[in-house]
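Here the structure comes first, spelled out in structure tokens, and everything after it is commentary.
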Amino acid sequence: TEDEILLFEKEIKEFWIKFKSVCGPEQINQTLALRDSCKESIKALSEKWSKKLKEGDMMIDKIQQYNSEILQQNQRISENQERFTEIKSNLNQQEEQKKDLTESIQELKKELMKKKEIISSKNKAAKERLEQLCKSKLLFEERLGLEIRRIPNEQLQFIFRHIDHKDPDKPYMFTLSINEQGDYE
């Protein structure tokens, strides 16, 4: 430091004064040369250490800057980890919903297949019933001369022939309708 250098120079001056009184001019010249050499060495060392000190300060500044950047990156990493955890949680929920929906769809498909089977069996039974009714109708048409007509006011008229053996073409009829209460008349 500068205080140490000043102290050192002061001690050298004192030493020089004592040395002059003891030594001759030749030795003084040599000592002066040594002193100048020491001063130059001290000056060179001072400049070198001054540079090192500035470099050290710069290194400290860079380390602080890197520490700040590392802190910011750690915060970003922490935020990203939180987002990742949230996204992963949402993804797991969506997978669970997908699984539930898939199971629900499978159940609905099973129900649909059952309903299709029921409808198919009902259609088959209705078809068989229709065939029986058609056969019965044909039988009634052939044996009793049945004829069914739709007449105004949503009524059905049933006409039977072949009832009277003496006059097989003589018509016998009745009319059927449903009243407002849902009863047959």
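Contact detail for Ser177 and Gln155: the closest heavy-atom pair is CB-CG, 3.6 Å. When all heavy atoms of Arg161 and Asp169 are compared, the pair lying nearest together is NH1-O, 3.0 Å.
Here the straight-line distance linking atom OG1 of Thr102 with atom NZ of Lys109 works out to 9.5 Å at 0.5 Å rounding. Annotation: the span from Arg76 atom CZ to Glu69 atom CD amounts to 8.5 Å, rounded to 0.5 Å. Atom CG of residue Asn67 and atom CD1 of residue Ile63 lie 7.5 Å apart, to the nearest 0.5 angstrom. How far NZ of Lys48 is from NZ of Lys51: 10.0 Å, rounded to the nearest 0.5 Å.
There is no path of hydrophobic side-chain contacts, each under 4.5 Å, that joins Ile60 to Leu71. Linking Ile, Leu, Val, Met, Phe, Trp and Tyr residues whenever their side-chain heavy atoms come within less than 4.5 Å places Leu146 and Leu176 in a single cluster. There is a path of hydrophobic side-chain contacts, each under 4.5 Å, that joins Phe140 to Ile148. Leu156 and Leu144 fall within a single hydrophobic cluster, where Ile, Leu, Val, Met, Phe, Trp and Tyr are joined by side-chain heavy atoms under 4.5 Å apart, directly or via other members.
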Show the numbers, then the answer: is there a side chain to side chain contact (heavy atoms under 4.5 Å, CB included) between Lys43 and Glu40? CA-CA 5 Å; Lys43 186 177 179 183; Glu40 286 176 21; 5.5 Å; no
Salt bridge (charged side-chain N to carboxylate O under 4.0 Å, His left out) between Lys137 and Glu141: does it pass, once the steps are laid out? CA-CA 6 Å; Lys137 180 185 172 205; Glu141 285 175 353; 3.4 Å; yes
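Side-chain atoms of Thr85 come within 3.5 Å of backbone N or O of Gln81 as a donor-acceptor pair. With hydrogens and angles ignored, the 3.5 Å screen pairs no side-chain donor or acceptor of Asp164 with any backbone N or O of Pro168.
A centroid separation of less than 6.0 Å is found between the aromatic rings of Phe174 and Phe158.
Within a 6.0 Å sphere centred on CD of Glu154, other residues, nucleotides and ligands contribute 12 heavy atoms or fewer.
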